[in-house]
Q: 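One structure is given below, represented as structure tokens, and several questions about it will come after.
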Amino acid sequence: MTGVENGLRMTSPETSSTSSLATTSVHVSALDGLVNVNSLFTIAVFVGLSLATPGQHSLEQRSSCDASADVAKKLLVFEVVSFSFFLFSSLVAQGLKLALNLLNSKDVNEIFRAHINIKVLRWGMMASAIGSVMGCLFLMLSMVNVIQIRLGLLSCGSKSAAQAVATLVTLVSSALLIYISTAIYAFWH
């Protein structure tokens, strides 16, 4: 018995292969991991929000290096946008997990097997990954503003702020490049 409901393709157990068992559990595990990582990043967003206090003096000991209210506003905007992308990513991933789990509940003998349209699953996972990448980019921008608030403005020539920003941008950009590369590879193979 085969049917199509809401873009999800359900197949009877007789026509399914054992590889779909492993594939479905891998997808569920990947979605779980994505939601867990997004949760950690969301915590970082709220930590950044707690650091956005107006009139705070930097550790640079020069008043010209203190961040203006504009830097704190940018921090707040970047944190909210970052949170929005992480929430989008998590909700898409949770929706895919819900579809997999609801399809699994139709046959209690097949705990980890669900038959869905692979295109729907791939595009949903890609949308979730894009949301996570965008969330990371905006989180990185907000962290640059946190560094400027705490260590001094980059335009002021604060060496500690410049070193912190360079390290942050280098490591996060490298990690995102690896993440994007593996996500694109997995999407096309």
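Please read these numbers as outputs of a predicted model, since none were measured by experiment.
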Q: Residues in side-chain contact (heavy atoms from CB on, under 4.5 Å) with Ser84, at least two apart?
A: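 So Ser84 forms a side-chain contact (heavy atoms from CB on, under 4.5 Å) with Val80.
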Q: Would you give the length of the straight line joining atom CE of Met140 to atom CG of Asn145, rounded to the nearest 0.5 angstrom?
A: 11.5 Å
Q: Roughly how far, to the nearest 0.5 Å, is the CE atom of Met143 from the CZ atom of Arg150?
A: 10.5 Å
Q: Can you measure from OG (Ser128) to CZ (Phe86) and round to the nearest 0.5 angstrom?
A: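 The OG atom of Ser128 sits 11.0 Å away from the CZ atom of Phe86.
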Q: Could you list the residues that satisfy side-chain contact (heavy atoms from CB on, under 4.5 Å) with Val81, not counting sequence neighbours?
A: Val77, Phe85, Phe138
Q: For Gln94 and Lys97, what are the C-alpha separation, side-chain angles and deciding distance, and is it a side chain to side chain contact (heavy atoms under 4.5 Å, CB included)?
A: CA-CA 5 Å; Gln94 288 288 19; Lys97 280 180 51 181; 3.8 Å; yes
Q: Please name the pair of heavy atoms, one in Ser132 and one in Ser89, separated by the smallest distance, quoted to 0.1 Å.
A: OG-OG, 2.8 Å
Q: Taking it one step at a time, do Val144 and Leu154 satisfy side chain to side chain contact (heavy atoms under 4.5 Å, CB included)?
A: CA-CA 9 Å; Val144 168; Leu154 291 170; 4.3 Å; yes
Q: Between the main-chain N or O of Gly135 and the side-chain N or O of Ser82, is there a donor-acceptor pair closer than 3.5 Å?
A: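 Looks like yes, one N/O pair under 3.5 Å.
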Q: Can you name the residues that form a side-chain contact (heavy atoms from CB on, under 4.5 Å) with Leu176, not counting sequence neighbours?
A: Val133, Cys136, Leu137, Val172
Q: Between Ala164 and Leu151, what is the shortest heavy-atom contact and its length?
A: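 Reported closest heavy-atom pair: CB-CD1, 4.1 Å.
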Q: List the steps and the verdict of side chain to side chain contact (heavy atoms under 4.5 Å, CB included) for Glu79 and Leu139.
A: CA-CA 6 Å; Glu79 294 284 338; Leu139 182 59; 4.2 Å; yes
Q: Is the backbone of Tyr179 close enough, under 3.5 Å, to the side chain of Thr182 for a donor and an acceptor to pair up by distance?
A: yes
Q: Which pairs with one or both residues in residues 160-189 pass disulfide bond (SG atoms under 2.5 Å apart), sequence neighbours excluded?
A: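 Checked against disulfide bond (SG atoms under 2.5 Å apart) - neighbours excluded - no pair reaches residues 160-189.
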Q: Going by the disulfide bond (SG atoms under 2.5 Å apart) test, which pairs reach into residues 145-189, not counting sequence neighbours?
A: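 Passing the test, one end in residues 145-189: Cys65-Cys156.
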Q: Looking only at atom types and distance, does a side-chain atom of Ser142 sit under 3.5 Å from a main-chain N or O of Phe78, one as donor and one as acceptor?
A: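 Pair absent, no side-chain N/O of Ser142 close to backbone of Phe78.
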Q: Give the minimum heavy-atom separation between Val146 and Leu75, together with the two atoms involved.
A: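 Minimum heavy-atom separation between Val146 and Leu75: CG2-CD1, 3.5 Å.
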Q: Can you list the residues that meet the side-chain contact (heavy atoms from CB on, under 4.5 Å) rule with Leu171, with sequence neighbours excluded?
A: Thr167
Q: Which pair of non-hydrogen atoms, one from Ile149 and one from Ala72, has the smallest distance, and what is that distance?
A: CD1-CA, 4.1 Å
